[in-house]
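Start at 1 and go down the list; that is how both ligands and their atoms are numbered. In this text the structure is predicted, and so the values were computed from the model without any measurement.
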Amino acid sequence: MQFRNLPSVDRVMATGAVVALVASHSREWVVDLVREQLDQARQLIRQGGTAPAVDELAEAVCRQLSEVTKIAPRPVINATGVIIHTNLGRAPLSQGSIDAITNAAQGYTDLELDLGSGRRGSRQSHLQSLLRQLTGAEAALAVNNNASALFLGLSALASGKEVIVSRAEAVEIGGGFRIPDVLKQSGATLVDVGTTNRTYARDYQDAITDNTAALLKVHASNFRVEGFTASVETADLVELGRQQGVPVFHDVGSGALLPTEAYGLAHEPTPQESISAGAGLVFFSGDKLLGGPQAGIVVGQRDLVERLERHPLARAVRIDKLSLAALNATLLHFLKQEAPDKVPVWRMIAASPESIKERASRWQSLLDYPAEVIPSRSAIGGGSLPGETLPSWVLALSCQAGSSPEEAMRKLRQAERPVVARVEEDRVLLDPRTVLPEEDDLVLAGLEAAFAG
Ligand SMILES: *Cc1c(COP(=O)(O)O)cnc(C)c1O
């Protein structure tokens, strides 16, 4: 009977390995882990397995403990060529932003203290002047993320009222964030107008009533409607709203402060052009094309932004001091016109194909395994510029007989510093564009472990 061969909790606890664990971890925690391992062993026995030896159980407990005590999230190398990779934490931060976080974390700050008067200040004041300067808006507010910014805006200004949205823009952004659901949760009523592919100014006009709170424009950031389409420009929508005293809210999504077309990409709507077109409120993310920390930013007319600041939800979606520090530093890079050098997302967008080819060739020359350097494309990702890619070069590796690209990808993910790549036509591809310059040696170590080993 295998169950009888299973050691007791006490016997596993008495092994040398587990006694050593208890010296530096809580005893209750270790006992729990031992029980878990014994439960798993019973499960295996029920399925016809044999009882593990006491040393095997002790070893499994040690392995599990070392797994749960690893720092999380773990740093990984993004060799996918997708610049804003949501599963990999979106935008890597600039050194300036990292330093700002360290400073804010290490000690006390003047977060909500006005050093001049000695009175209570606002955590938003510094940020507001940067954002006003960058976007031309009268006022600004930063919160936890763009989803909460939009939720706050609609709750404060449209609850109990109607919001008019084009049918083409009542979309799901990703991760279960759906514009119709956000509107409903905020207490506003969605009035959708036009059709999936074409919406005209008269569609909005016909839907405006005394109970209309806003005309909402949403950037379809993660998909593209092509062919027979029509939508209304922000400026035309503003003009229409103005005649009826209704503001335009514009969710531009990615927060591109620089013109993407200057880098050979399609035009991504910028907050500043939306403000200059007269939008009442403009919403965007901090960690997409802005290249900063997770945050949601609202810029717009002072009276409207002030109503957001005063709403009780503002406290619930407040930005934390570390993100605020990083956001300020990121915005400063744009004001100092150094973003293409200093902000990683923009440095990656601006990287020339030649410089990328050079890096891929260097990897190839240092690697003890046959590989090719071939032309390819990098993507922006993160729900920005759908389908838009940049010309790039990648290192391409074929697998030896008996192995598969999926197996190689798995080994790469299990490297000391996990490497995430992509597979195309049965080859593993690594795009240097999204690999930080200081990670080159780690990529090579991962490749050696996955392919040469
Ligand atoms: C990404 C996105 C959001 C959600 O932003 P988060 O910062 O992830 O909360 C909302 N609207 C649009 C148009 C987006 O692209």
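- Every N/O-N/O distance between D287 and ligand 1 stays at or above 3.5 Å.
- Between L150, T86, N146, I84, it is N146 that holds the heavy atom closest to atom 10 (C) of ligand 1.
- Within the 3.5 Å criterion, the main-chain N or O of T270 finds no donor-acceptor partner in the side chain of S274.
- Contact atoms of ligand 1 toward R90: 6 (P), 7 (O), 8 (O) (distance under 4.0 Å to a heavy atom of the residue).
- In terms of modelled atom types and a separation under 3.5 Å, the side chain of D203 and the main chain of Y200 share a donor-acceptor contact.
- With hydrogens and angles disregarded, a donor-acceptor distance shorter than 3.5 Å links the side chain of S97 to the backbone of A326.
- Ligand 1 places these atoms under 4.0 Å from at least one heavy atom of S285: 5 (O), 6 (P), 7 (O).
- Distances below 4.0 Å separate heavy atoms of G253 from the following atoms of ligand 1: 12 (C), 13 (C), 14 (C), 15 (O).
- Considering backbone and side-chain N/O atoms, V218 never comes within less than 3.5 Å of an N/O atom of ligand 1.
- Residue contacts with ligand 1 for K288 involve side-chain atoms from C-beta outward but no N, CA, C or O (heavy atoms, distance under 4.0 Å).
- Taking all atoms of both residues into account, the shortest heavy-atom contact from V305 to V299 is CG2-C, 4.4 Å.
- Polar contact check, D251 against ligand 1: a nitrogen or oxygen pair lies under 3.5 Å apart.
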Given V193 and R167, is the side chain to side chain contact (heavy atoms under 4.5 Å, CB included) satisfied, shown in steps? CA-CA 6 Å; V193 297; R167 281 212 167 81; 5.8 Å; no
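- A salt bridge is defined here as a Lys NZ or Arg NE, NH1 or NH2 lying under 4.0 Å from an Asp or Glu carboxylate O, and R362 with D440 meets this definition.
- For F177, every heavy-atom contact with ligand 1 shorter than 4.0 Å involves the side chain, none the backbone.
- At distances below 3.5 Å, not a single donor-acceptor pair connects side-chain atoms of R90 with backbone N or O atoms of D287.
- Heavy-atom proximity to H219, at under 4.0 Å, picks out these atoms of ligand 1: 13 (C).
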